[in-house]
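Okay, so here's the structure we're looking at.
Below, all heavy atoms of this structure are taken into account, side chains as well, without hydrogens, waters or symmetry copies. So you know, we letter chains A, B, ... as the sequences are listed, proteins then strands, and number each from 1.
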2 protein chains.
Amino acid sequence: MTRVRVDLNISLDGYASGEQSAENPMGEDWGRLMAAYTGTRTMQERVFGDTTGAGTTGIEDAYAAAYFEGVGSEILGAGMFGFHFSDDPDWQGWWGDEPPFGMPVFVLTHAAPRPSLTLGETTFHFRSAAIEDVLAEAVEAANGLDVRIGGGVSTATAFVRAGLVDDLHVAVAPIVLGRGVRVWDGLAGLELTHQVTSEVAESGTTHVTFRR
Amino acid sequence: MTRVRVDLNISLDGYASGEQSAENPMGEDWGRLMAAYTGTRTMQERVFGDTTGAGTTGIEDAYAAAYFEGVGSEILGAGMFGFHFSDDPDWQGWWGDEPPFGMPVFVLTHAAPRPSLTLGETTFHFRSAAIEDVLAEAVEAANGLDVRIGGGVSTATAFVRAGLVDDLHVAVAPIVLGRGVRVWDGLAGLELTHQVTSEVAESGTTHVTFRR
């Protein structure tokens with residue numbers, strides 16, 4: 001049974017990384033928010049290609065491993081494809097020739113319609129439809145596996161606010177940022193529709209999981 | 001060595017209980033925010049006078065017990081004395097004839113000066129001075145024990161923002177309120193001056209402690 005999943009990394013005061021720029025494409029505080037996560041063995045291997053066994057193991061790494069398990073398709077906002085950084089209609093995004101997805105990826109965009117784009121084992125489909133309709137398509141493409149709403153933050157929280165997300169995993173770093181994208185707005189009462197569990201990792205990051 | 005302590009109970013989205021009224025003197029969401037805490041054996045005994053051994057034990061109860069340990073004086077905002085609920089200049093607050101403090105309590109108020117008030121084992125002193133000056137007086141009155149900034153929330157966070165607090169304990173209930181008093185504003189970078197530790201209690205509440 002397909003589940004719809006979101007993973008967020010936020011600060012104690014409820015901010016995800018904001019203010020994207022060419023120098024900081026993931027946002028200005030992304031490094032600090034993600035430090036514990038990117039330091040795991042799983043992320044070192046899966047994202048940074050370090051197969052020497054470097055990186056932390058333990059609770060944090062278990063969440064990192066779970067992030068990659070059982071996903072059959074992904075939905076991204078336009079920014080995560082890299083649309084904001086080029087006006088070139090043939091721009092192939094910022095993920096390079098071998099994007100790390102390896103599955104169908106649905107990109108939400110209001111730009112002019114464009115054909116699907118296959119790079120390596122990843123095929124990007126560009127959609128300007130309602131998120132419910134795009135999700136239905138992604139569920140079918142996932143072929144029984146899960147659909148991950150991969151970001152950015154405003155895309156991910158839009159799916160949560162719309163009641164479309166079954167599993168929301170929020171990694172709360174033990175820092176107070178005071179700036180960024182507010183993730184909790186519009187989510188009051190989420191504990192009434194989802195079961196909440198919390199766990200503190202070795203890094204001090206608290207992993208809060210909402211499941212329905 | 002006297003330490004200055006603050007304890008807050010907040011939601012995942014960083015709200016403490018807001019909107020005080022005569023019906024909800026501690027604020028509209030206070031009950032939900034405090035449920036795990038008030039359910040502890042320590043709180044049942046110390047606050048509600050239940051000496052039958054009722055209430056939870058464990059991690060939550062350890063924090064509740066620590067709350068009462070080693071405090072020599074307390075600072076409260078005017079609202080916590082109950083000033084907002086009466087115009088009577090002789091109003092003795094809402095704590096009754098035997099307030100639960102049993103120590104000197106300094107009440108921050110801009111109302112007309114009034115003499116100190118002793119009720120049972122508690123003496124209330126009313127001050128309109130700068131918080132640094134009131135704190136100095138409270139430290140002296142604590143006589144080597146700690147000073148607790150007992151609330152309300154805006155009073156407590158004012159002391160934290162001013163850099164006057166050594167130990168900030170934040171109990172984060174696993175609920176998303178979407179309303180109340182925002183506690184993290186103005187506290188960006190608190191992890192740079194204080195050591196942060198986190199622990200999840202049986203109730204699902206995450207206890208985050210900042211210590212310097």
### Message
Quick check on the structure: residues of residues 58-70 of chain A within a heavy-atom distance below 4.5 Å of chain B, by number.
### Response
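Against chain B, none of the residues of residues 58-70 of chain A fall inside the cut-off of heavy atoms under 4.5 Å.
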
### Message
Within residues 163-178 of chain A, which residues come under 4.5 Å of chain B, heavy atom to heavy atom?
### Response
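Heavy-atom contacts from residues 163-178 of chain A to chain B are Pro174(A), Ile175(A), Val176(A), Leu177(A), Gly178(A).
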
### Query
Which region of Ile10(A), side chain (C-beta onward) or backbone (N, CA, C, O), has a non-hydrogen atom less than 4.5 Å from a non-hydrogen atom of chain B, or is it both or neither?
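It is neither, since no heavy atom gets under 4.5 Å.
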
### Task
Under 4.5 Å heavy-atom distance to chain B, tell me which part of Arg182(A) shows up: side chain, backbone, both or neither.
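Only the side chain of Arg182(A) comes within 4.5 Å of chain B.
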
Please say whether more than 12 non-hydrogen atoms of neighbouring residues, nucleotides or ligands are located less than 6.0 Å from [atom1] in [X].
X         : atom1 : value
Glu132(A) : CD    : yes
Asp50(B)  : CG    : yes
Glu140(A) : CD    : no

### Task
Sort by residue number and list every member of residues 185-212 of chain B having a non-hydrogen atom under 4.5 Å from chain A.
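Against chain A, the residues of residues 185-212 of chain B that fall inside the cut-off (heavy atoms, under 4.5 Å) are Leu187(B), Ala188(B), Gly189(B), Leu190(B), Glu191(B), Leu192(B), Val196(B), Ser198(B), Glu199(B), Val200(B), Gly204(B), Thr206(B), Val208(B), Phe210(B).
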
### Task
Under 4.5 Å, heavy atom to heavy atom: which of residues 31-47 of chain B reach chain A? Give them by number, or say none.
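Near chain A, by residue number: Arg32(B).
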
### Task
Give, for atom CG of Asp13(B) and atom CG of Asp13(A), the distance between the pair rounded to the nearest 0.5 Å.
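Between Asp13(B) CG and Asp13(A) CG, I get 12.0 Å after rounding to 0.5 Å.
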
